[in-house]
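All residue numbers refer to positions in the sequence shown, counting from 1.
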Amino acid sequence: MLDRIHVLEGRQLVLLNIDEVIRIIRNADEPKPALIARFKLSDRQAEDILEIRLRQLARLEAIRIEQELKERREEQGKLEEILRSPASLKRAVIREIESDAKQYGDARRTLIQAEKRAVAEVKVIDEPVTVVVSLKGWVRALKGHEIDPATLTFKAGDGLYGAFAGRSVDMLIVLGSNGRAYSVPVSQLPGGRGDGAPITTMIDLEPGTQAAHFVAGSAERTLLLANTGGFGLLARIGDLTGRQRAGKGFLSLEPGEHLLPAVAVEADHSQVACLSMSGRLLLFGLGELKLQASGGRGLTLMDVDTKDPLVSVATFAHALRVVGTGRGGKPREEELRGPALVAHLGKRARKGRKVAGSIKPTRVVAI
C-alpha cells in the first residue's frame, strides 16, 4: 500500500515534464542519478520511472494517476484509523465476520458425531519365560522354563535373588522398602544372554527407598505379604499393579518394621506358617486371612515384638521345610509332617511354639 502511493507520487512529479524525462533517459550515461537530481526523486521512484517503457511513459494520464493516488490515500487513512483505534479494529472484524457469515452461512455439510476413542494396543506374544532377578536388582526375562539357576551368570559381586517361571504377559512386582508397589510388564524386560538392566531404570523410587523384594506372575496370582512386626495380608498381583513409574502406596509399615519376601499362594495351599527370630513357629488356617485389594497394614499373623520379630512366612498344603543351621553353624534342613506340624497349630495372632531339635531355624518354605 505505502509503496504504491510512493510510486504514484513519483510519477506525479515527472508527469508535467515527460519530454525532459524521455530525453534524460535516452541521452544520459547514468539516467537514474540524473532523474533523482533533476526531479528530487527517491531511488525507488526513479527505478519505477526507468522500468516503464518510453511509449507508456508518454501516455501517462494525469487524471488516472490522481484518481488511483486518491483511492490509495483514502484506504491508507482507513487502515491507519483501524490500527490506532481498538474500537475501529473491533468494528472492522465484526463487519468481516458478518459478511462471511452471510456469504458462506449455509448449513453444515460435514457430519460431526462422537466416536469411540481409538486405543493403540501393543500385542504381546504369550509365551513361557523365566524372570531372573539379581541380588543387586538387575532384571531380565529368558525364554522358556528350562532354566538352570546354576548356569546363570551375574556381574562381579552380584548373585541370584530369584527366578520366576511365568508368561510373557505377566507382571513383575517390585516391593519398595517404604511399602510402595512398583510394576513392570515382563514383556518390557530385556532378554538375551546379558546381565539385563537395573530395575531402577524402569521405576522411580522415592529418595531413600530401595527395591526390597521382587515377585512375578499373572494378575490373578495371590500373594501373602508380611512384615517383621507380625502383620500381613493377602492380595493379588493385579491389586499391586499400577500405571505410574512412581508406583502406588500399598503396605503400611511402622518405624523399625521391614517387609518380608512375598509368598506366592498355590491353589492347594490351606495353611500359613510364621517363624520368629527365636525359632517359634505358628501354623494356622489360610482361611483366617482375607484378600485386601487396597492394601494397608493387614492383620496380626503372629504375636512378636522388636526383640523377637517375624523373620519368615510361608503357605503350604501338607508338609513344611524348616531351613536353618545346626551344630557348628552348618546349614541344615528339617521336614515337618503330620504330628510334627500338629504341635505348632494354633490360631492367628498367637505366639506359637519353638521348633524342637538341634536346628536353629531361619526360614520356612512349603514342600
Side-chain angles (χ1 to χ4, degrees), residues 1-123 185 188 190 197 200-207 242-246:
M1 170 70 70
L2 295 179
D3 180 71
R4 182 60 180 171
I5 291 174
H6 186 61
V7 166
L8 291 172
E9 289 174 343
R11 292 182 181 182
Q12 260 190 334
L13 287 174
V14 302
L15 187 61
L16 300 177
N17 300 282
I18 292 295
D19 293 338
E20 186 176 357
V21 171
I22 294 174
R23 181 185 58 79
I24 292 174
I25 293 174
R26 284 176 173 173
N27 300 325
D29 294 334
E30 296 288 343
K32 185 176 179 180
L35 288 173
I36 292 174
R38 172 65 181 83
F39 299 105
K40 296 182 180 180
L41 301 174
S42 69
D43 186 273
R44 175 72 179 89
Q45 289 170 329
E47 191 70 33
D48 172 68
I49 298 301
L50 292 173
E51 288 178 355
I52 300 175
R53 292 181 180 181
L54 294 178
R55 183 179 298 176
Q56 291 176 328
L57 189 62
R59 296 178 185 175
L60 287 175
E61 301 175 9
I63 296 177
R64 181 173 59 83
I65 292 175
E66 290 178 359
Q67 181 65 31
E68 183 181 354
L69 190 56
K70 179 182 178 182
E71 293 174 356
R72 296 284 182 173
R73 284 173 174 166
E74 288 178 355
E75 186 177 358
Q76 177 187 2
K78 292 178 181 178
L79 293 176
E80 289 178 348
E81 172 62 23
I82 291 174
L83 294 175
R84 284 195 302 266
S85 171
S88 297
L89 177 61
K90 184 176 180 179
R91 287 194 295 271
V93 171
I94 291 174
R95 284 195 300 270
E96 290 184 5
I97 292 175
E98 289 176 343
S99 176
D100 289 344
K102 185 177 180 180
Q103 182 176 356
Y104 306 107
D106 55 341
R108 178 178 290 279
R109 301 173 188 177
T110 303
L111 177 63
I112 298 179
Q113 61 185 20
E115 290 291 350
K116 294 181 180 179
R117 184 186 294 260
V119 179
E121 182 178 353
V122 179
K123 292 185 178 181
Q188 295 181 9
T200 50
T201 63
M202 305 175 195
I203 60 176
D204 294 333
L205 292 169
E206 292 184 349
R243 297 182 179 180
Q244 305 298 324
R245 284 173 55 98

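In terms of the salt bridge (Lys or Arg N to Asp or Glu O under 4.0 Å) criterion, residue partners of Arg38 (sequence neighbours excluded) are, by chain and number, Glu20. Taking the side chain to side chain contact (heavy atoms under 4.5 Å, CB included) definition, one finds that Leu83 meets it with nothing, sequence neighbours left out. Checked against salt bridge (Lys or Arg N to Asp or Glu O under 4.0 Å), Glu71 has no partners two or more places apart in sequence or in another chain. Residues meeting the salt bridge (Lys or Arg N to Asp or Glu O under 4.0 Å) test with Asp43, sequence neighbours left out: Lys32. A search for side chain to side chain contact (heavy atoms under 4.5 Å, CB included) contacts involving Ala197 returns Pro190, Thr201, Met202, not counting sequence neighbours. Partners of Asp100 under the side chain to side chain donor-acceptor pair (under 3.5 Å) rule, at least two apart in sequence or in another chain, do not exist in this structure.
Among all heavy-atom pairs drawn from Ile36 and Leu41, the shortest one is CG2-O, 3.2 Å. Scanning all heavy atoms of the two residues, the minimum distance from Pro31 to Ile25 falls at CB-CA, 4.0 Å.
Here the CD1-CD distance, from Ile5 to Glu68, works out to 9.5 Å after rounding to the nearest 0.5 Å. For the atom pair OG (Ser85) and NZ (Lys90), the distance works out to 11.5 Å, reported to the nearest 0.5 Å. Annotation: the span from Leu79 atom CG to Leu89 atom CG amounts to 11.0 Å, rounded to 0.5 Å. Between Leu205 atom CG and Arg245 atom CZ the span is 9.5 Å, to the nearest 0.5 Å. Put simply, CG on Leu69 and CZ on Arg4 are 9.5 Å apart, with the number rounded to the nearest 0.5 Å. Separating the CD1 atom in Ile22 from the CG atom in Asn27 is a distance of 11.5 Å, to the nearest 0.5 Å.
A 6.0 Å sphere centred on CD of Gln244 holds no more than 12 heavy atoms belonging to other residues, nucleotides or ligands.
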Audit row: Arg84, Glu81, salt bridge (charged side-chain N to carboxylate O under 4.0 Å, His left out) steps and yes/no: CA-CA 5 Å; Arg84 284 195 302 266; Glu81 172 62 23; 3.3 Å; yes

Give the C-alpha distance, both sets of side-chain angles, the deciding distance and a yes or no for side-chain contact (heavy atoms from CB on, under 4.5 Å) between Phe39 and Ile49. CA-CA 11 Å; Phe39 299 105; Ile49 298 301; over 6 Å; no

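The side-chain heavy atoms of Arg23 and Asp19, taken from C-beta on, include no pair separated by under 4.5 Å.
Using a 4.0 Å cut-off between charged side-chain N and carboxylate O, Arg95 and Glu98 make no salt bridge.
With Glu9 as the partner, the side-chain hydrogen bond (donor to acceptor under 3.5 Å, both in side chains) test is satisfied by one option alone out of Arg72, Gln45, Arg73: Arg73.
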